[in-house]
Amino acid sequence: MLDPKKIEQVARQIQGALPKGVRDLGEDVDKKIRSLLQSQLGKLDLVSREEFDIQTQVLLRTREKLMKMEQRVSALEARFSDEKVIEEKQSD
């Protein structure tokens, strides 16, 4: 979810960048800017910094698990290969 404080900050920056005549129109322009900003930002595919950090940690843990599983598979493949060689020698 978008942080209302950040939206307020951006709205103030936009309002500050408007010409004085437009700013003098008052609260109506201010409300419309906030409403438009909220609407447009809501359409974007954004995540909060907190959610991004959480997903980054999940990804790191998943990578660690994947590396461990790859090592286990390699060890099992090596073991299977060694057992197969031993069986072949015994059958000769």
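Quick note: numbers below take in every heavy atom, side chains included, and nothing from hydrogens, waters or symmetry partners. Residues take their numbers from the sequence shown, with the count starting at 1.
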Would you confirm whether Ser39, through its side chain, and Ser35, through its main-chain N or O, come within 3.5 Å as a donor-acceptor pair? no
Once rounded to the nearest 0.5 Å, what's the spacing between atom CD of Gln13 and atom CG of Leu37? 10.0 Å
Rounded to the nearest 0.5 Å, the CG atom of Leu76 sits from the CE atom of Met69 at a distance of 11.0 Å
If you measure from the Lys or Arg side-chain nitrogens to the Asp or Glu carboxylate oxygens, is any gap between Glu83 and Arg79 under 4.0 Å? yes
With no hydrogens and no angle check, is any side-chain donor or acceptor of Ser81 less than 3.5 Å from a backbone partner on Glu77? no
Nearest-0.5 Å distance that lies between atom CG in Leu66 and atom CD in Gln71: 10.0 Å
Can you tell me how far apart CG (Leu59) and CD1 (Ile54) are? Round to the nearest 0.5 Å. 14.0 Å
Could you grab the distance from atom CD of Glu64 to atom CE of Met67, nearest 0.5 Å is fine? 7.5 Å
